[in-house]
Q: 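Here you go, one structure.
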Amino acid sequence: MTQTSDNVTWLTQEAYNQLKAELEYLSGPARTEIAKKIEAAREEGDLRENGGYHAAKEEQGKQELRVRQLTQLLDNAKVGEAPADDGIVEPGMVVTIAFDGDEDDTLTFLMASREYASSDIETYSPQSPLGVGVNGKKVGDEAEYELPNGKKAMVKILEAKPYTG
């Protein structure tokens with residue numbers, strides 16, 4: 001899980017290892033692969049009309065951006081344990097909320113950095129309007145957050161448990 005404050009990102013050891021492995025792959029084997037693709041496309045001739053060359057260069061640019069993002073994230077990371085199971089909403093917790101106190105209209109999500117978004121559970125960043133509104137609240141508390149249209153919405157915290165993967 002991750003929590004960002006003052007450019008420090010808190011990560012579990014597992015998350016750190018996963019991101020470090022991705023960085024090592026992108027910095028080594030993936031760089032070699034893309035360089036080979038670019039060289040092969042370059043040998044095809046006129047670069048202005050060479051779609052393969054332009055696609056490979058674009059892929060290289062995206063890859064290098066990800067390398068820079070991961071490097072910065074890991075350089076500012078603090079590795080630690082998952083949050084305590086104390087019912088307090090914080091990064092690393094799976095949170096269930098009820099909209100406007102209606103316990104039939106609920107949402108369960110992982111509060112974590114986008115680095116941790118997965119298809120298993122919806123992820124909200126601690127910096128998102130909902131994340132800011134519920135962060136630090138306890139089970140049973142109500143929280144207010146701003147909707148994209150500028151209006152305010154109320155939610156009630158029904159559950160907050162550490163994410164177990």
Side-chain angles (χ1 to χ4, degrees), residues 1-44 47-48 50-97 107-138 143 145-148 155 157 159-165:
M1 294 317 91
T2 61
Q3 171 183 1
T4 306
S5 72
D6 302 321
N7 289 334
V8 172
T9 301
W10 179 85
L11 297 168
T12 61
Q13 187 65 55
E14 178 186 3
Y16 182 87
N17 293 347
Q18 197 174 5
L19 294 172
K20 184 84 172 156
E22 181 184 352
L23 177 61
E24 287 170 4
Y25 170 74
L26 290 174
S27 299
R31 269 192 180 143
T32 304
E33 264 176 48
I34 197 72
K36 286 178 184 174
K37 282 184 189 176
I38 291 170
E39 188 56 36
R42 188 177 277 141
E43 289 172 3
E44 292 173 13
L47 298 181
R48 289 173 299 186
N50 187 329
Y53 174 79
H54 293 291
K57 288 296 282 182
E58 186 175 324
E59 185 181 339
Q60 181 185 41
K62 288 178 182 175
Q63 192 173 296
E64 291 304 318
L65 174 62
R66 181 68 177 154
V67 166
R68 286 192 302 277
Q69 289 171 333
L70 287 171
T71 300
Q72 183 179 7
L73 181 72
L74 293 172
D75 284 350
N76 294 312
K78 273 190 171 173
V79 179
E81 293 301 312
D85 189 357
D86 55 10
I88 296 174
V89 177
E90 61 184 310
M93 300 294 271
V94 175
V95 182
T96 302
I97 57 170
L107 170 67
T108 299
F109 62 93
L110 169 63
M111 188 145 109
S113 162
R114 292 286 173 213
E115 295 296 326
Y116 249 90
S118 79
S119 58
D120 299 340
I121 186 167
E122 197 159 345
T123 304
Y124 281 83
S125 162
Q127 289 79 27
S128 70
L130 179 59
V132 170
V134 300
N135 197 14
K137 302 287 186 194
K138 296 186 301 249
Y145 72 100
E146 192 170 320
L147 297 169
V155 296
I157 313 301
E159 189 174 51
K161 296 279 181 200
Y163 179 67
T164 56

Q: Between Glu33 and Lys36 (salt bridge meaning N to carboxylate O under 4.0 Å), is one present in this structure?
A: no
Q: In Å, rounded to the nearest 0.5 Å, how long is the span from CD1 of Ile34 to NZ of Lys57?
A: 9.0 Å
Q: With rounding to the nearest 0.5 angstrom, report the NE2 to CD distance, His54 to Glu59.
A: 15.0 Å
Q: Side-chain contact, heavy-atom cut-off 4.5 Å: Glu159 with Val95?
A: no
Q: Atom OG1 of Thr71 and atom CG of Leu19: how far apart are they, to the nearest 0.5 Å?
A: 11.0 Å
Q: May I ask you to test the Ile97-Leu130 pair for a side-chain heavy-atom distance under 4.5 Å?
A: yes
Q: OH/Tyr53 to CZ/Arg42 distance, rounded to the nearest 0.5 angstrom?
A: 4.5 Å
Q: Where do Pro129 and Glu146 come nearest, in terms of heavy atoms and distance?
A: CB-O, 3.3 Å
Q: Among Tyr124, Tyr145, Phe109, which one satisfies side chain to side chain contact (heavy atoms under 4.5 Å, CB included) with Val134?
A: Phe109
Q: Just verifying a value: how many Å separate Gln63 CD and Ser27 OG, rounded to the nearest 0.5 Å?
A: 8.5 Å
Q: Got a donor-acceptor contact below 3.5 angstrom from the Gln127 side chain to the Val132 backbone?
A: no
Q: Check Asn135 against Pro91 and note the closest heavy-atom contact, atom names and distance.
A: OD1-CD, 3.9 Å
Q: May I have the step-by-step check of side-chain contact (heavy atoms from CB on, under 4.5 Å) for Glu122 and Leu110, ending in yes or no?
A: CA-CA 6 Å; Glu122 197 159 345; Leu110 169 63; over 6 Å; no
Q: Would you say the side-chain atoms of Asn50 pair up with the backbone N or O of Ala41, donor to acceptor, closer than 3.5 Å?
A: yes
Q: Do you know which two heavy atoms are closest between Val89 and Ala160, and how far apart they sit?
A: CG2-CB, 4.1 Å
Q: Check step by step if side-chain contact (heavy atoms from CB on, under 4.5 Å) holds for Leu74 and Leu23.
A: CA-CA 9 Å; Leu74 293 172; Leu23 177 61; 3.9 Å; yes
Q: Closest approach of Ala56 and Lys37, non-hydrogen atoms and distance?
A: CB-CB, 4.1 Å
Q: Show your working on side-chain contact (heavy atoms from CB on, under 4.5 Å) between Leu26 and Arg31 and close with a plain yes or no.
A: CA-CA 6 Å; Leu26 290 174; Arg31 269 192 180 143; over 6 Å; no
Q: Going from OG on Ser125 to CE on Met111, what distance comes out if it is rounded to the nearest 0.5 angstrom?
A: 8.5 Å
Q: My understanding is that only residues two or more places apart in sequence, or in another chain, count here; which of them pass side-chain contact (heavy atoms from CB on, under 4.5 Å) with Leu65?
A: Arg68, Gln69
Q: Output, in order, the C-alpha distance, side-chain angles, deciding distance and verdict of side-chain contact (heavy atoms from CB on, under 4.5 Å) for Ile38 and Gln60.
A: CA-CA 9 Å; Ile38 291 170; Gln60 181 185 41; 3.4 Å; yes
